[in-house]
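Got a structure here, written out as structure tokens. Questions coming.
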Protein chains: 2
Amino acid sequence: MTETRAKRGRPRAFDRAAALTAATRLFWEHGYEATSIGELTEAMGIRPGSLYAAFGDKKSLFKEVVRSYGRSPVGAFMGVALEEEPTAHAAFTRILREAAVIYPDPAHPAGCLTISAATNVTPQDAEVEAFLRNIRNENLNVFEAHLRTAQQAGELSDAANPRALAAYFAAIIQGMSQRARDGAAAAELTETAELALAAWPAA
Amino acid sequence: MTETRAKRGRPRAFDRAAALTAATRLFWEHGYEATSIGELTEAMGIRPGSLYAAFGDKKSLFKEVVRSYGRSPVGAFMGVALEEEPTAHAAFTRILREAAVIYPDPAHPAGCLTISAATNVTPQDAEVEAFLRNIRNENLNVFEAHLRTAQQAGELSDAANPRALAAYFAAIIQGMSQRARDGAAAAELTETAELALAAWPAA
DNA sequence: GCCATTTTAGAGCGCTCGTTCAAGAAGGCG
DNA sequence: CGCCTTCTTGAACGAGCGCTCTAAAATGGC
């Protein structure tokens, strides 16, 4: 399913990973419904038949894009910070500071794909909207769990509310993504990150 | 242009304001492109010809919806708070606390129309996206001007950065709107608002 | 060398989109 | 009343949508 070497049949003439990257860029920039199959095939350098043979329908392609994005450096930096930093405070500090630099990076479309790629959607694509919403709410649960663990370890004041703090960080991150899409530069977002960190409960 | 009494000709058979409200609800819920003329005419209780005669094309209708929303209680609460509260701190406290209650209010679609109604858009409707983005960035400028004035009046520490503080509040408000659309209740958003207010610079 | 298998290119499917048009209906005004 | 103006209705326009189909082309296995 992942990288099975085709034995029989005509070999694929295009780079599947490169095509997926091109699709990612389009969905990231314009969102799910505002990206047409025609734009996708042109950017991916293939014809519709090849797209449907390699990725299934548009919905499947989008979900594969989202999964691939979640494994990429830009999409996974939060999980990496939570894993690598020794304390919760260090982890969230790093998350906000990195988001401030990553979100407006001109090397890719602004903001976070998971946050902004399926916000305006027709009723028949509500499933796609829910797919991303579930990821966002699951990330919030990861934040909460991490903060709760930190509290039990004594890193975080007993008076603090892990769920409330997690929701606060989720909101500021989503806001920073939106601001990046509205043109905010890394300098502004870094100031926002520093101000946001003032909410960390006093020891 | 606003409410000119029609003198000659067949009178309009529908309530223009009620139709605008119905359109507002749809655009608010699904966004600009994900709302079709067919859905609009059905919700407004009119036929396409009547829509085009009364509101112009889809873009014009949307812009009128946005302007009308900006004059409604839900759309204007920030400006009201800035105008009514005696200090900048009181104003932003009120803005965040009210947003926490208004955004998830089930009496209307979740979140802020200006923030979320044109985020995913095809290239040919980029103008509509820019129309909302300009409003958001203009609101940010209003925040900054208000904070700058407060600083000159001695309400805000000289060490504070009005632009950075304005951008921070803009980000948290946009994040709260997104969280409301993701299902966050007033209780969670109120906690977020209180945490966000911790960023206010010490006197 | 042929067959089975897979991918390719390109045309085209049914459907919905935003928008327009022609004809009829409903009021004010002479 | 009959005219002028405006609104309503319902059908229809061209364009683009997601997706599929047919044939030809390109490989490995026998």
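Residue numbering restarts at 1 for every chain, and letters A, B, ... go by the order of the sequence lines.
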What's the spacing between A:Leu189 CG and A:Ile102 CD1 if we round to 0.5 Å?
-> 11.5 Å

Rounded to the Å, how far apart are A:Asp57 CG and D:dT20 C1'?
-> 13 Å

note: A:Glu33, atom CD; C:dT16, atom C1'; distance rounded to Å ~ 13 Å

Is it true that B:Arg148 and B:Glu144 make a salt bridge, defined as a side-chain N closer than 4.0 Å to a carboxylate O?
-> yes

What nucleic acid atoms does B:Thr35 come within less than 4.0 Å of, heavy atoms only: base, sugar-phosphate, or nothing?
-> sugar-phosphate

Listed nucleotide nearest any side-chain atom of A:Arg47, set C:dG10, C:dG18, D:dC19 | C:dG10

Measure the distance from NE2 on B:His30 to P on C:dT16 and round it to the nearest whole Å.
-> 17 Å

Have a look at B:Ala53 and say if it touches a base, only the backbone sugar-phosphate, or nothing, with a 4.0 Å heavy-atom cut-off.
-> nothing

Of the listed D:dT8, C:dT8, C:dG18, the closest approach to the B:Ser50 side chain comes from D:dT8

What is the distance from atom CZ of B:Phe131 to atom CZ of B:Arg136, rounded to the nearest 0.5 Å?
-> 11.5 Å

Please report, rounded to the nearest Å, how far the P atom of C:dT7 is from the CG atom of A:Asp15.
-> 15 Å

Which of the following nucleotides, C:dT19, D:dA26, C:dT8, is nearest to the side chain of A:Pro11?
-> D:dA26

Distance, rounded to the nearest Å, where B:Tyr52 contributes OH and D:dA11 contributes C1' | 15 Å

Verify the contact: side-chain N or O of B:Arg10 to OP1 or OP2 of C:dG27, cut-off strictly under 4.0 Å; return yes or no.
-> no

B:Pro48 has its side chain closest, among C:dT19, D:dG18, C:dA9, to C:dT19

Grab the CD-P distance between B:Glu39 and C:dG18 for me, whole Å please.
-> 8 Å

Could you tell me the separation between the CD atom of B:Glu194 and the CD atom of B:Glu191, rounded to the nearest 0.5 Å?
-> 9.5 Å

Result for 5'-nearest mapping on DNA chain C, choosing between B:Lys58 and A:Arg12, is A:Arg12

Let me know the distance between CZ of A:Phe55 and P of D:dC19, rounded to the nearest Å.
-> 14 Å

Position toward the 5' end of DNA chain D (nearest nucleotide), A:Ile37 or A:Gly49 = A:Ile37

Proximal nucleotide (of C:dG18, C:dT20, C:dT8) relative to the A:Phe14 side chain = C:dT8

What is the distance from NZ of A:Lys59 to P of D:dC17, rounded to the nearest Å?
-> 18 Å

Could you check whether B:Thr41 gets within reach of a base, just the sugar-phosphate, or nothing at all, counting any heavy atom under 4.0 Å?
-> nothing

B:Phe169/B:Phe143 aromatic ring centres below 6.0 Å = no

